[in-house]
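Step one of this worksheet: look at the structure below.
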Number of protein chains: 2
Amino acid sequence: MSKILIIEDNNEINGLLSELISNIGHQVVSAYSGPEGLRLFREDSFSLILLDLMLPGKSGEEILVEMRSNSNIPIIVISAKSDIDEKVKLLESGANDYITKPFDTREVAARIEIQLRNSTYSNSAFVSYGELKISSINRTVMVNDSEIVLTRHEFNILELLIKHPQKVYSKQELYEQAWDEMYLGEDKTLNVHISNIRKKIKEYTDTEYIETVWGIGFRIKGLAVGGRR
Amino acid sequence: MSKILIIEDNNEINGLLSELISNIGHQVVSAYSGPEGLRLFREDSFSLILLDLMLPGKSGEEILVEMRSNSNIPIIVISAKSDIDEKVKLLESGANDYITKPFDTREVAARIEIQLRNSTYSNSAFVSYGELKISSINRTVMVNDSEIVLTRHEFNILELLIKHPQKVYSKQELYEQAWDEMYLGEDKTLNVHISNIRKKIKEYTDTEYIETVWGIGFRIKGLAVGGRR
DNA sequence: AAAAAAGGTTAAAGAAAGTGTAAAGGATTG
DNA sequence: CAATCCTTTACACTTTCTTTAACCTTTTTT
């Protein structure tokens with residue numbers, strides 16, 4: 001089962017797609033505007049995105065480019081525009097498929113499955129964040145194009161943080177998700193691992209990527225300048 | 001540059017596609033009938049196939065099914081039929097994309113690039129990886145031109161690893177795919193097989209090809225790596 | 001500004017995971 | 001139905017990772 005994000009302002013169409021995706025056994029999250037879609041994209045992690053072009057707040061084109069700048073998640077554009085120039089432009093700037101409205105639900109379902117099938121084996125499934133680039137399939141992390149080798153737990157931790165930038169992970173959440181075990185409070189183990197990850201990242205950059213959130217846990221530090229302490 | 005096979009009986013369209021593909025920098029081979037296309041597919045190795053549906057000799061549907069039975073090569077169907085049932089059926093039976101005639105050449109170009117971009121697929125009779133050369137059809141493995149004889153499970157394991165270099169296979173994935181049976185955790189069997197494969201490979205080379213990923217599983221070791229701990 | 005609380009770092013002991021050999025147990029085949 | 005080959009189990013050994021513990025630093029509270 002995959003988690004799919006629908007970005008579509010029209011309530012009816014959003015509902016229709018949502019139902020369709022549930023029916024073929026996937027989990028759905030709906031966004032009704034560009035910024036909302038981008039926020040969800042950044043905070044959560046999805047296997048595929050269905051993107052409408054005409055959106056309030058921010059156009060689908062802009063969203064596509066923004067998502068492509070640090071992820072190669074499959075994106076299917078759904079649009080009422082049948083303008084061929086637009087279509088080609090979108091496909092060239094990174095959309096994986098382009099479906100014109102009105103669409104047939106079975107065709108949409110089939111095209112979703114094709115994308116999901118492709119991305120399972122494509123060894124290019126990665127997410128970048130600043131100088132970091134992480135591949136879940138290869139379980140590798142690159143810092144400025146140099147590979148750093150992380151152990152199992154180290155990788156799990158960094159993967160969680162990078163795939164959900166902005167999100168603050170409590171120590172308990174981090175522990176339970178990276179270890180898949182109960183967290184029994186007051187444990188320095190996690191700190192040691194965080195320390196080790198930081199040390200490895202520092203071999204290739206001076207930027208600090210893991211931010212400590214006092215009294216709570218950790219998160220990936222925002223890239224934009226002007227961070228507070 | 002990729003090698004692309006066009007299977008299309010209409011001379012004019014075949015020529016048009018052929019020119020288009022050359023223009024975007026790929027190599028083209030043209031077939032004008034189903035059987036001819038299949039023969040070329042078997043004899044040569046391509047990165048992608050453009051398949052017309054209405055063909056003399058053998059229908060595009062049949063060809064699709066036949067190719068899919070033993071290959072994951074990206075196949076783009078190009079058809080005059082805009083019948084939605086047909087379209088869905090084809091997409092579900094393994095086509096990667098479906099373009100209806102008349103088509104825009106730029107769109108075709110863009111869709112070809114998308115397929116090539118996501119696929120790591122190779123249709124060669126042999127897959128080579130460094131000094132290893134593996135033939136799925138003959139179920140043989142050569143190391144520096146000397147054949148090593150692997151048992152069924154040994155071959156299945158090495159085949160998986162080599163066909164998806166870089167990808168880390170968890171023990172569970174490896175077991176379930178090589179045995180086609182449920183993995184019930186904590187099993188040393190896989191390790192013994194890995195060990196045996198390594199031993200056989202070592203008869204003819206000093207390079208270590210199978211890398212252990214601690215706590216996870218195994219993968220084929222990168223050929224030119226600069227990783228550090 | 002001192003005390004208290006939370007986090008950071010290091011090194012080393014201990015736990016967990018992986019390796020390779022050998023032999024037992026199954027399956028297959030002539 | 002016996003011989004053979006493959007798979008699995010067992011075990012002693014090696015490697016790597018995780019955790020503990022001690023001590024240090026930073027931040028917050030009083």
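Every chain is numbered from 1, with letters handed out A, B, ... down the list of sequences.
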Does the side chain of [X] get closer than 4.0 angstrom to OP1 or OP2 of [N] through an N or O atom?
X        : N      : answer
A/His193 : D/dC17 : no
A/Ser195 : C/dT10 : no
A/Trp179 : D/dC17 : no
B/Lys199 : C/dT21 : yes
A/Trp214 : D/dT25 : no
B/Thr151 : D/dC5  : no
A/Asn191 : C/dG8  : yes
B/Lys171 : C/dG18 : yes
A/Thr189 : D/dT20 : yes

Would you indicate which nucleotide in [options] comes nearest to any side-chain atom of [X]?
X        : options                : answer
B/Arg198 : C/dT19, D/dT20, D/dT19 : C/dT19
A/Asn196 : C/dT10, C/dG8, C/dG20  : C/dT10
A/Val192 : C/dT19, C/dT10, C/dG7  : C/dT10
A/Lys202 : C/dT9, C/dA6, C/dT10   : C/dT9

Expressed as a whole number of angstroms, how long is the span from [X]:[atom1] to [N]:[atom2]?
X        : N      : atom1 : atom2 : value
A/Leu190 : C/dA6  : CG    : C1'   : 13 Å
B/Ile210 : C/dG20 : CD1   : C1'   : 14 Å
B/Lys200 : C/dT21 : NZ    : P     : 13 Å
B/Ile194 : D/dT9  : CD1   : P     : 17 Å
B/Lys188 : C/dT19 : NZ    : P     : 10 Å
A/His153 : D/dT20 : NE2   : P     : 12 Å
A/Ile157 : D/dT18 : CD1   : C1'   : 11 Å
A/Arg139 : D/dC17 : CZ    : P     : 12 Å

Say whether, by atom type as modelled, one donor and one acceptor occur between the side chain of B/Arg39 and the main chain of B/Gly34 under 3.5 angstrom.
->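 Not at all, since once roles are kept as given, no pair shorter than 3.5 Å links the two residues.
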If you count the non-hydrogen atoms of other residues, nucleotides and ligands that lie under 6.0 Å from NZ in A/Lys3, is the total more than 12?
->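 Yes.
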Got more than 12 heavy atoms from elsewhere within 6.0 Å of CD, B/Glu208?
->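 Yes, enclosed.
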May I have the step-by-step check of side-chain hydrogen bond (donor to acceptor under 3.5 Å, both in side chains) for A/Glu176 and A/Gln172, ending in yes or no?
-> CA-CA 6 Å; A/Glu176 294 188 342; A/Gln172 170 157 354; 3.3 Å; yes
For A/Tyr204 and A/Glu131, test the side chains for any donor-to-acceptor distance below 3.5 angstrom and give the result as yes or no.
->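 No, no side-chain donor-acceptor pair sits under 3.5 Å.
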A/Gly217 or A/Arg152, whichever maps to the more 5' nucleotide of DNA chain C =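 Its nucleotide being nearer the 5' end, the pick is A/Gly217.
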Is the shortest side-chain N to carboxylate O distance from A/Glu66 to A/Arg42 below 4.0 Å?
->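 Yes.
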